Trainee: 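Below you'll find the structure I mean.
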There are 2 protein chains.
Amino acid sequence: MSESLRERTRRAVQREIGDAALALFAERGYDATTIDDIAAAVGMSQRSVFRYFATKEEIVVGKLELAVDDMLDVLRARPAGEPVWTSLRRVFDVVDHYGDQPEFAALIHRMVFDTPALSAAYLHRLQLMQDAVVAVLIVRAAEAGSPYTADDPAPRALTASAFGCLVAAQHSWLASGTTGTFAEALDRAMATLVPRV
Amino acid sequence: MSESLRERTRRAVQREIGDAALALFAERGYDATTIDDIAAAVGMSQRSVFRYFATKEEIVVGKLELAVDDMLDVLRARPAGEPVWTSLRRVFDVVDHYGDQPEFAALIHRMVFDTPALSAAYLHRLQLMQDAVVAVLIVRAAEAGSPYTADDPAPRALTASAFGCLVAAQHSWLASGTTGTFAEALDRAMATLVPRV
DNA sequence: GCCTAACCTGTCAGTCGCTGTCAAGTTTGT
DNA sequence: ACAAACTTGACAGCGACTGACAGGTTAGGC
């Protein structure tokens, strides 16, 4: 009973709405598609769509599904003595399902970066993830016996830089026409910087 | 005639609206303040407020005034052979007027980071600045005789990391209760990473 | 099986950010 | 002094989003 029937049907409906919405977005554009259009496409009321997605942006950004929980689990599983930069690179392995359907991922990315509202929502989401990652890093350092001082910018700076590289890699990967794997693009981006001892 | 009277009055009105709006935001919160409230406070119609600010977020984010043009000028003025990381640090000197009124800057920053809509808008703005910076970096490298290859993620990754450090420094500076100068916080944040040769 | 509580749904009405349009007044350059 | 350019308020409208209510469906204890 880890997943009740209700939860499963909820996920199914959410997925159905998401798919229908994405089809409409791809067809006539994000801004030109209203929530009413989406609701009509899946035969629901506008109100019900908002019961599955808090905002219109979430329908798209949620698709990127950079599952925060998964990332934090990965981070916590890394050896505490490992260099932060290496741990962060491993955390981003969670995103590697990009490789599964490159053309689909590219479609969404293009839509996100081309639509100001989506771009802002996406960046904000990344920022929230960083907050969670930083919290874990601080705990881990303390447990490893070398805690950060309260005003040390290091964990935040390293995390922010790593996420910056993530976005840069997405741009590069898109610009290159999705040649090669995304993991390679990420490796290249993160290799341009080295954390100081 | 570098500045016509119309432009000056326009700026004056814009400033007046911004000040009144900020006072209301600080008093009763950003979300709880409507554009109508702001319009009433300055004795204008709602429509006219939108003639001075494209969006509600811009009233606040515009205050941060990370003047893009100034930053690009600074960047172009740096010697072409200088390490990118150093140039980027110099670019951020433009933000140093933070030191003028630390409590005011802290107020706005807190508001921005506490309000999801503002946070998203701010991060999006930073992203746009990064695009402009990257473009300049690419031109400068080409002129210096060592152009980047089209798919090189380096300029983007370095710029994104530097801006990540900027945000991290803002957080640290706020968390430390604005002890010390913002420039110091920035130096510390950017010192945690070193670009690879 | 039954009943109650929890849940999902559509409908309606309302708020708020934001935009187009138009008529009326003001300013600018000649 | 006059035409072009600019500014303004008023009005109407769209679309994202929310609260409230009523009716139907489902889940779980008895």
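All values reported here derive from a predicted model rather than from experimental measurement. In what follows, chains carry the letters A, B, and so on, assigned in the order in which the sequence lines appear, proteins first and then strands, with residues in each chain numbered from 1.
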Trainee: Holding to ring-ring contact (aromatic ring centres under 6.0 Å, His included), I want the full list of residues that pass it with A/His124, two or more places apart in sequence or in another chain.
Mentor: none

Trainee: Tell me which residues in residues 24-35 of chain A lie within less than 4.0 Å of DNA chain C, going by non-hydrogen atoms.
Mentor: none

Trainee: Mark up nucleotides 23-30 of chain C, 5' to 3', with B wherever a protein heavy atom is under 4.0 angstrom from a base atom, S wherever such an atom reaches only the sugar-phosphate, and - elsewhere.
Mentor: ----BS--

Trainee: What is the separation between atom CG on B/Asp37 and atom C1' on C/dC18, rounded to the nearest whole Å?
Mentor: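 Answer to the nearest Å: 16 Å.
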
Trainee: List the atom pairs, donor and acceptor, that lie under 3.5 Å between side-chain atoms in residues 129-137 of chain B and the rest of the protein, sequence neighbours left out.
Mentor:
residue	atom	partner	partner atom	Å
B/Asp131	OD1	B/Arg156	NH2	2.4

Trainee: Excluding sequence neighbours, so at least two apart, what forms salt bridge (Lys or Arg N to Asp or Glu O under 4.0 Å) with A/Asp70?
Mentor: none

Trainee: Within the supplied structure, the quantity of interest is the number of heavy atoms (other residues, nucleotides, ligands) at a distance under 6.0 Å from B/Arg28 CZ; does it exceed 12?
Mentor: yes

Trainee: Does B/Lys63 qualify as a cation-pi partner of B/Phe104, given the criterion of NZ or CZ under 6.0 Å from the six-membered ring centre and within 45 degrees of its axis?
Mentor: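 Here B/Lys63 fails the 6.0 Å and 45° test against B/Phe104.
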
Trainee: Any side-chain heavy atom of B/Phe25 within less than 4.5 Å of one from B/Ile38?
Mentor: yes

Trainee: Less than 3.5 Å apart, any donor N or O on the side chain of B/Gln170 or B/Tyr122 sitting next to an acceptor on the other?
Mentor: yes

Trainee: Return the set of residues passing side-chain hydrogen bond (donor to acceptor under 3.5 Å, both in side chains) with B/Arg110 (not counting sequence neighbours), or none when no residue passes.
Mentor: none

Trainee: For a 4.0 angstrom threshold against heavy atoms of chain A, report the outermost contacting nucleotides of DNA chain D in 5' to 3' order.
Mentor: D/dG15 to D/dA27

Trainee: In chain order, what residues pass the salt bridge (Lys or Arg N to Asp or Glu O under 4.0 Å) check against A/Glu16, with sequence neighbours excluded?
Mentor: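 Partners of A/Glu16 by the salt bridge (Lys or Arg N to Asp or Glu O under 4.0 Å) criterion come out as none, since no residue qualifies.
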
Trainee: Short of 4.0 Å, heavy atom to strand atom, which residues of residues 38-54 of chain B count as contacting DNA chain C?
Mentor: B/Gln46, B/Arg47, B/Phe50, B/Arg51, B/Ala54

Trainee: Excluding sequence neighbours, so at least two apart, what forms salt bridge (Lys or Arg N to Asp or Glu O under 4.0 Å) with A/Asp114?
Mentor: none

Trainee: Do the side chains of A/Leu193 and B/Trp85 get nearer than 4.5 Å, heavy atoms only?
Mentor: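 The answer is yes, as the side chains (C-beta and beyond) meet within the 4.5 Å cut-off.
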
Trainee: Applying ring-ring contact (aromatic ring centres under 6.0 Å, His included), can you list everything that pairs with A/Phe53, at least two apart in sequence or on another chain?
Mentor: none

Trainee: Bend angle of the helix from C/dT4-D/dA27 to C/dT30-D/dA1 from five-pair axes at both ends, rounded to 10°?
Mentor: 30°

Trainee: Could you tell me if A/Arg140 and A/Ser87 have a donor-acceptor pair between their side chains, going purely by distance under 3.5 Å?
Mentor: yes

Trainee: Nearest-Å distance, CD (A/Glu16) to P (C/dC8)?
Mentor: 16 Å

Trainee: Which whole-number value in Å describes the distance from A/Arg8 CZ to C/dC7 P?
Mentor: 17 Å

Trainee: Does atom CZ of A/Arg15 have more than 12 heavy-atom neighbours, drawn from other residues, nucleotides or ligands, at distances under 6.0 Å?
Mentor: no

Trainee: Does the side chain of A/Thr149 pick up a donor-acceptor pair with the side chain of A/Asp151 at under 3.5 Å?
Mentor: yes

